[in-house]
Amino acid sequence: MTAETDYDTAPTPPPTNKVPVERTHHGDVFVDDYEWLREKESRGVVEHLTAENAYTDAVTSGQEQLRQDIFDEIKNRTQETDLSVPARKKGWWYYSRTEEGKQYGIQCRVAARDTGDLDADWTPPEVLPGKPVLGEQILLDGNAEAEGKPFFSLGGLAVSEDGMLLAYCEDNAGDERFTLRVKDLATDELLPDEIPNVFYGVAFSPDGRRIFYTVVDDAWRPFQVRAHTLGTPVDNDAVLYQDDDVAMWTGFELSADRSQLLISSGCSEYSEYHALDLTDPGAVLRMLISRDEHVLYEAEPVTIDGAPSYLLTHNRDAKNSMISLVEASELAKPLAEQQWRTVVRHDDAVRVNGIAVTSTHLVLSIRKDTTDRVQVLPLAGLGTAGQPAPVEPAFDEQLFTSSLANAEFESPIIRLSYTSFLTPPRIYDYVLATGALALRKETEVRGNYDAGSYVAERWWVPAADGTSIPLSVIRRSDLAQDGTNPALIYAYGSYEVSVDPGFSIARLSLLDRGIIFVVAHVRGGGEMGRTWYEQGKKLHKKNTFTDFVDATTYLADSGWVDERRIAAMGGSAGGLLMGAVTNLAPEKYRAVVAQVPFVDALTTILDPELPLSALEWEEWGNPITEPDVYRYMKDYTPYENIRAVEYPRIAAVTSFNDTRVLYVEPAKWVAALREKTTGAEPIVLKTEMDGGHGGASGRYSRWKDVAWDYAFAADALGATEVRPRPAT
């Protein structure tokens with residue numbers, strides 16, 4: 001074990017003024033001393049955050065070399081000049097590539113050919129890193145676009161069906177409000193059409209004359225879908241749909257066959273779809289199933305035996321969702337009278353995530369045995385007694401993630417991605433007619449990476465109420481079960497989001513320092529199906545936190561880990577988890593890294609004018625109207641439950657322009673923690689002044705952010721040196 005950073009000579013943290021503000025709900029009065037930090041435009045707030053950054057820099061200055069070492073390790077293991085596997089759309093192969101020393105990706109294409117030979121026409125062209133590509137056309141160079149700008153991120157990219165126009169959405173602040181621009185790919189010049197303040201996603205109409213996009217309201221909730229006709233003033237853009245329900249999130253997509261625009265509004269418990277026939281200029285929106293039926297569903301149009309129909313992925317009498325086929329004409333009837341044909345039955349052990357369709361096949365995304373996987377069914381015979389069993393491409397690891405990467409409607413192949421904790425991302429092409437699987441690429445890991453030097457395994461941990469919690473445990477294979485090893489335990493645990501097996505070059509820097517990396521798949525996530533999620537939301541939310549603490553206890557008692565050398569990490573809703581477990585069991589953690597943490601959740605959700613607040617009611621409950629929800633949340637939210645105990649070493653990492661979790665939450669939390677803690681461990685706030693919810697933009701900047709977080713944890717655990725490998 002190496003020496004840890006000496007904090008004895010660390011400077012004093014900047015003082016935080018106290019300006020008491022009373023918050024009263026349901027007869028409960030809470031005095032908030034730090035709400036003044038919400039005034040983002042205040043010079044005093046900016047000065048305070050700047051002073052906090054200076055304090056953080058001073059306190060962690062001893063980690064500078066460790067941060068640089070981890071950054072260099074990430075960089076040296078990464079093939080910096082690299083490219084994606086080209087994907088075919090119409091007459092072009094599209095791909096992105098990166099170049100050494102450049103922050104951002106470059107979007108490109110080369111012409112495809114049609115010879116009638118399936119293998120030849122659908123085998124991607126050989127494009128080698130660092131070598132010129134004959135006939136390459138650069139569509140968008142992120143490095144050129146980002147030049148001279150403090151931040152750069154793309155929120156959508158689309159090419160018209162004829163391949164002549166490119167639409168893209170660009171964010172230069174990190175606040176996820178994008179400017180939509182259109183480029184003529186024949187001349188490489190921008191059209192005069194420019195649309196500010198759009199949300200994620202963009203699509204062309206099939207004829208290329210219109211662009212569909214989404215707009216957010218003042219609370220940063222996507223609520224409108226608009227259509228812009230090229231060459232006309234933006235002020236004339238048509239509002240195709242507007243949803244005024246503050247608890248609903250609106251979005252759109254084109255159907256796989258490009259015949260319909262599908263507009264969805266939904267929350268975590270029910271949804272509603274409207275369809276617009278793009279082949280009929282006089283068509284109007286048609287609702288499929290009303291939200292009043294309280295069905296959570298997704299819809300995809302198909303034509304089966306000549307009948308226009310929809311494939312519905314839904315939870316109607318199916319907690320884990322199922323798939324049904326319904327003729328379009330049936331949807332005009334009351335729901336109880338409609339005739340639906342079952343395609344995929346409900347299964348308590350299988351979560352149906354969604355579907356994609358080609359002209360010949362249905363592609364299923366399911367979760368089974370905690371892992372995401374893909375299955376394939378032919379459209380012929382769908383929903384009949386002759387429907388065959390789905391086919392699933394087989395892989396040889398227990399803990400893996402297989403997902404659909406691309407499925408063009410007319411394509412005879414689909415593209416799959418595959419990864420695991422030990423296997424770098426792979427790209428496969430799957431031939432729909434034969435089931436043949438062709439490996440197109442495995443991401444290179446430089447530096448003689450050997451998967452056999454590491455172990456990934458599944459542990460099952462008993463929670464206090466008897467529930468078995470799955471853990472994914474990744475470690476160096478040469479570690480001994482001697483109770484001396486450090487560990488970092490990570491979780492998210494909300495919104496039915498799963499932390500799936502996936503390879504991480506950055507994680508190798510922790511593993512090689514002897515740190516056991518643990519993912520706790522706590523309730524509130526989606527790893528074990530819909531019930532798993534429901535047991536960790538609303539008035540069951542505390543299960544998320546106690547599961548994490550129980551997992552930590554099990555880890556400490558496993559014989560693998562030193563109970564004094566455990567760090568915890570989580571971000572966003574996982575940052576709320578960090579705050580909650582730090583209050584519940586501060587003695588169990590040597591350090592906590594809370595990334596963009598949702599630690600002042602009750603204050604946020606009590607104010608529906610704040611970004612996304614009303615949308616959170618379906619996840620946490622509505623504390624404004626429901627006293628029991630208010631009391632329950634007040635009992636676990638991190639900011640209100642800080643107490644006089646010895647808190648561990650804590651780093652709260654945030655971004656000034658984050659619109660999802662406002663910087664003010666960790667800023668208030670840090671101030672209150674410092675006021676109450678009885679210990680001497682440093683509590684620091686690091687604010688990226690030009691970043692958003694994902695931190696700074698650019699891959700090198702992101703690597704530096706990861707290196708900072710990992711160095712903070714590794715230093716606290718006394719695991720700063722790379723362990724030598726045993727002689728072979």
Side-chain angles (χ1 to χ4, degrees), residues 19-40 216-224 242-250 265-272 291-292 294 296 493-496 524 533-545 572-577 579-580 583 596-642 658-669 672 693:
V19 183
V21 175
E22 286 191 358
R23 187 190 72 200
T24 304
H25 287 273
H26 307 295
D28 176 70
V29 178
F30 175 72
V31 179
D32 190 340
D33 289 327
Y34 302 112
E35 179 63 13
W36 67 271
L37 287 167
R38 191 176 299 279
E39 298 298 325
K40 185 178 181 181
V216 296
D217 61 15
D218 292 339
W220 199 75
R221 177 185 67 93
F223 80 120
Q224 281 185 350
Q242 176 170 317
D243 199 312
D244 294 322
D245 186 336
V246 296
M248 301 291 273
W249 184 284
T250 300
S265 283
C267 60
S268 65
E269 299 185 350
Y270 53 88
S271 54
E272 180 176 274
R291 69 189 69 187
D292 296 336
H294 280 252
L296 185 64
S494 293
Y495 304 106
E496 204 179 356
Y533 166 53
E534 292 175 347
Q535 289 178 356
K537 67 180 292 191
K538 291 190 173 180
L539 296 179
H540 302 289
K541 189 62 200 172
K542 291 180 185 178
N543 286 332
T544 304
F545 316 135
S572 196
L576 181 150
L577 172 59
N583 287 334
V596 288
F598 191 34
V599 284
D600 193 20
L602 188 53
T603 301
T604 295
I605 297 173
L606 283 168
D607 186 352
E609 299 301 317
L610 290 176
L612 301 181
S613 290
L615 293 168
E616 301 289 352
W617 296 338
E618 296 301 331
E619 181 72 18
W620 316 95
N622 187 343
I624 300 173
T625 61
E626 302 171 58
D628 56 337
V629 171
Y630 177 87
R631 288 190 293 269
Y632 188 80
M633 291 189 69
K634 179 78 181 296
D635 200 41
Y636 72 69
T637 43
Y639 184 57
E640 288 88 345
N641 287 282
I642 297 169
D658 190 346
T659 51
R660 296 175 183 259
V661 179
L662 302 183
Y663 73 90
V664 66
E665 298 204 21
K668 290 167 59 175
W669 182 56
H693 195 60

Discussion item. For a salt bridge (charged side-chain N to carboxylate O under 4.0 Å, His left out) check, start with the C-alpha distance between Lys668 and Asp32, then their side-chain angles and the critical distance, and finish with the verdict.
Written reply: CA-CA 9 Å; Lys668 290 167 59 175; Asp32 190 340; 2.6 Å; yes

Got [X] and [Y] here, is their nearest side-chain heavy-atom distance under 4.5 Å?
| X | Y | result |
| --- | --- | --- |
| Lys542 | Asp635 | yes |
| Glu35 | Val19 | no |
| Ser268 | Lys537 | yes |
| Glu640 | Asp600 | yes |
| Trp249 | Ser265 | no |
| Thr544 | Leu577 | yes |
| Trp617 | Pro608 | yes |
| Glu619 | Ser494 | yes |

Worksheet entry | Which atom of Thr637 lies closest to which atom of Asn583, heavy atoms considered | O-ND2, 4.5 Å

Worksheet item: Which atom names give the shortest non-hydrogen contact between Gln242 and Asp244, and what distance separates them?
Response: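 So the minimum-distance heavy-atom pair works out to NE2-OD1, 2.8 Å.
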
Discussion item. Between Thr603 and Arg23, does the side chain to side chain contact (heavy atoms under 4.5 Å, CB included) criterion hold? Intermediate values first, please.
Written reply: CA-CA 9 Å; Thr603 301; Arg23 187 190 72 200; 2.7 Å; yes

Whether [X] side chain and [Y] backbone form a donor-acceptor pair below 3.5 Å:
| X | Y | answer |
| --- | --- | --- |
| Asp217 | Phe223 | no |
| Asn622 | Glu626 | no |
| His540 | Gly524 | no |
| His25 | Thr625 | no |

Practice prompt. Decide yes or no on side-chain hydrogen bond (donor to acceptor under 3.5 Å, both in side chains) for Tyr495 and Glu616, but give the supporting numbers first.
Written response: CA-CA 10 Å; Tyr495 304 106; Glu616 301 289 352; 2.5 Å; yes

Practice prompt. Test Leu602 against every option in Tyr639, Tyr630, Phe30 by the side chain to side chain contact (heavy atoms under 4.5 Å, CB included) rule and name the one that passes.
Written response: Tyr630

Worksheet item: Hey, what do you get for CH2 (Trp620) to OH (Tyr632), rounding to the nearest 0.5 Å?
Response: 10.5 Å

Worksheet item: To the nearest 0.5 Å, what is the distance between NZ (Lys541) and CE (Met633)?
Response: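 The distance works out to 10.0 Å.
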
Discussion item. Test of understanding: with side chain to side chain contact (heavy atoms under 4.5 Å, CB included), list the residues that count as partners of His294, not counting sequence neighbours.
Written reply: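 His294 satisfies side chain to side chain contact (heavy atoms under 4.5 Å, CB included) with Tyr270 only.
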
Worksheet entry | By ring-ring contact (aromatic ring centres under 6.0 Å, His included) - contacts of Tyr533 (at least two apart) | none

Discussion item. Test salt bridge (charged side-chain N to carboxylate O under 4.0 Å, His left out) on Arg38 and Glu665; report intermediate values, then the result.
Written reply: CA-CA 8 Å; Arg38 191 176 299 279; Glu665 298 204 21; over 6 Å; no

Practice prompt. Verify the distance criterion only: is there a donor paired with an acceptor across the side chains of Ser271 and Arg291 at less than 3.5 Å?
Written response: no

Discussion item. Both conditions, 6.0 Å and 45 degrees, for the charged tip of Lys40 above the ring of Tyr663: are they met here?
Written reply: no

